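Working notes, beginning with the structure itself.
Below, chains carry the letters A, B, ... as their sequence lines are ordered, and counting in each starts from 1. Below, all heavy atoms of this structure are taken into account, side chains as well, without hydrogens, waters or symmetry copies. As the structure is a prediction and not an experimental result, all values here were calculated from the model.
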Amino acid sequence: MSSIPLSEGRPPTQRIATPAQRIALVDVNNFYASCERLFDPRLESRPMVVLSNNDGCIIARSDEAKALGIAMGVAVHKVRDSLKRQKVQIYSSNYALYGDMSARVVSVLKRFTPYLEVYSIDESFLDLSGFADPEAYGHDIRDTVLRWTGLPVSVGVGATKTLAKIANRMAKKNPALGGVFVMPGDDADDELLGRIETGDVWGIGRRLAARLETLGIVTALDLKRADPKFIRARFSVVVERTVLELRGTPCLSLEAATPQQKGIMVSRGFGKRVRDFGHIEAAVATYASRAAEKLRRQGLAANKLTVSLRTSPFDAARERYANAASFVFPEATTDTAEMIGAAGRCLKSIFKPGLAYQKTGVFLDALEDAGHAQRSLFSRFDSGPGADPARTRALMQTMDRLNAAWGRDTVRFAATGLQRPWAMKQGNKSPCYTTRWRDLKQVQA
DNA sequence: TCTGGGGTCCTAGGACCC
DNA sequence: TCTGGGGTCCTAGGACCC
């Protein structure tokens, strides 16, 4: 994270003097709207919005649209008349375009420092520790990105990620700053923090803000001055970190390497309500295969698949229902057909006829590196050279006998193979074997 | 009629083991 | 049969982010 390498052999507890950490947050202003504008110059200085997947709600607005008071996330049908009256241009979203533009911005940013974390499609954290004049550097970054990609960015600099976020917000809110703001640091931050509500601090959402308010903590400055230990006891370690970060103590490090993804989700709302099982089944199969594609593209394999299904939480008059079912694969898989099959079974177990459904999704979980996917305990008997199905059956029978005799999942296979709540709910008693090497050892013992 | 589609991390609590 | 502490692993649910 720091650009100063630790010398080898130094005890980890010993602190070394480093220049104050400087983190810059660079993000694209109104990212989706700015991308669309790039390819349609007629939109320049006109109010415009970009819509979500089914053109359901507003997910991006140009400055001009914001000035008209159009809210983020609002359902289009609620504001359709007002959009028309104010001549707001309306665009469907184009994620392929945004992904491509995002990559271009990142490649420009990488010329400024290799210590960079791509945080989201339109935001990156840059480590500028040790740079003499971060403000001038920020302007350089901004000018270069604009010139090379056509996209306007804002740059906020602070001692921690949380402070960089706040600085970025300042840069956006005050046009006079020219898109760049550097937090002065320490006590000099206080005047500014006093004018920011806790809910606008990174990591403090609506619920936490409400709970903090009951304690009299209303502004970012109040939060900075709160006792970290008290906050930890009352809330959690997450909020405690935010307090420390506001004080300039880094708790969230810059992650230059992208870690392995932990879950993969594909979900969509239906354009209109759906009652037909076949329709939902087709959607689930499509999502399962898309999820499998994403999985393989990253060289991962999944151990578990979950299907969720729900009616609309917005239909106050109709019966509400939401449920999910999971399937744990006998061994980690990347196979589309296997996933579609599992997804279909899961769906069947939670589908209730007669309801008007709004949304379904497929989630892949317990991911691991496909190259090191755990071999099935039985796979060497099941297939390949030396296959011995009889041996497999014998092993399974042994397990069944042990489990029956001891009245529980003695050797831990039977129960761990199926997610319990689902198995119970379905009355599915058939054992499903997870076959890890540690289990094999227990059997042999 | 119509309300996004993804992700992350933390905590509490249950099952189980010795 | 009861009691009990210390530990791991797993899951559900809640909070947040973009």
Exercise. Got a sec, which residues hit side-chain contact (heavy atoms from CB on, under 4.5 Å) with A:Ser52, two or more places apart in sequence or on another chain?
Worked result: A:Cys57, A:Ile59
Problem set entry | Residues which pass side-chain contact (heavy atoms from CB on, under 4.5 Å) with A:Ala337, listed by chain and number, not counting sequence neighbours | A:Asp335
With a cut-off of 3.5 Å and sequence neighbours excluded, list every side-chain donor-acceptor pair involving residues 76-89 of chain A.
residue, atom, partner, partner atom, Å
A:Ser82, OG, A:Gln86, NE2, 3.4

Exercise. When you measure from every atom of DNA chain B, which of residues 255-271 of chain A have a heavy atom less than 4.0 Å away?
Worked result: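 Nucleic-acid contacts, sorted: A:Gln261, A:Lys262, A:Gly263, A:Ile264, A:Met265, A:Val266, A:Ser267, A:Arg268, A:Gly269, A:Phe270, A:Gly271.
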Problem set entry | Watson-Crick or G-U stems of DNA chain C, 3 or more pairs, under 3.5 Å, by first number |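 Looking at DNA chain C, the stems formed by three or more consecutive pairs are B:5-18 with C:5-18.
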Seminar exercise, completed: Across all chains, not counting sequence neighbours, the salt bridge (charged side-chain N to carboxylate O under 4.0 Å, His left out) partners of A:Asp190 are A:Lys224, A:Arg225
Seminar exercise, completed: Across all chains, not counting sequence neighbours, the salt bridge (charged side-chain N to carboxylate O under 4.0 Å, His left out) partners of A:Glu123 are A:Lys165
Exercise. Within less than 4.0 Å of OP1 or OP2 of B:dG5, is there a side-chain N or O belonging to A:Lys294?
Worked result: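 No, because none of the side-chain N or O atoms of A:Lys294 sits under 4.0 Å from OP1 or OP2 of B:dG5.
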Exercise. Counting only side-chain N and O atoms of A:Lys359, is one of them less than 4.0 Å from OP1 or OP2 of B:dG5?
Worked result: yes
Exercise. What parts of residues 78-100 of chain A reach DNA chain C, counting only heavy atoms under 4.0 Å away?
Worked result: none
Rounded to whole angstroms, how far apart are [atom1] on [X] and [atom2] on [N]?
X        : N      : atom1 : atom2 : value
A:Gln298 : B:dG6  : CD    : C1'   : 13 Å
A:Glu123 : C:dC17 : CD    : P     : 11 Å
A:Ile58  : B:dT3  : CD1   : C1'   : 11 Å
A:Phe31  : B:dG4  : CZ    : P     : 21 Å
A:Arg206 : C:dA15 : CZ    : P     : 10 Å
A:Phe235 : B:dT11 : CZ    : P     : 14 Å

Proximal nucleotide (of [options]) relative to the [X] side chain:
X        : options               : answer
A:Arg241 : B:dC9, B:dG4, C:dC17  : B:dC9
A:Arg207 : B:dG4, B:dT11, C:dC16 : C:dC16
A:Lys272 : B:dC2, B:dG5, C:dC18  : B:dC2
A:Trp202 : C:dC18, B:dG4, C:dA15 : C:dC18

Residues 256-268 of chain A side chain polar contacts: donor-acceptor under 3.5 Å, at least two apart:
residue, atom, partner, partner atom, Å
A:Gln261, OE1, A:Gln298, NE2, 2.9
A:Gln261, NE2, A:Gly263, O, 2.8

Problem set entry | Side-chain donor or acceptor of A:Asp276 paired with backbone N/O of A:His279 under 3.5 Å | yes
Exercise. According to the side chain to side chain donor-acceptor pair (under 3.5 Å) rule, which pairs have a member within residues 53-66 of chain A, sequence neighbours left out?
Worked result: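 Of all non-adjacent pairs touching residues 53-66 of chain A, those that pass side chain to side chain donor-acceptor pair (under 3.5 Å) are A:Asn30-A:Asp63, A:Asn30-A:Lys66, A:Arg37-A:Glu64, A:Asp55-A:Ser92, A:Ser62-A:Glu64.
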For this session: Quick one: which residue pairs count as a side chain to side chain donor-acceptor pair (under 3.5 Å) with a foot in residues 198-223 of chain A, not counting sequence neighbours?
Result: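 Qualifying pairs, neighbours excluded: A:Arg169-A:Asp200, A:Thr219-A:Asp222.
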Enumerate donor-acceptor pairs with a distance under 3.5 Å from any side-chain N or O in residues 284-292 of chain A to protein atoms, sequence neighbours excluded.
residue, atom, partner, partner atom, Å
A:Thr286, OG1, A:Ala282, O, 2.8
A:Ser289, OG, A:Thr286, O, 3.0

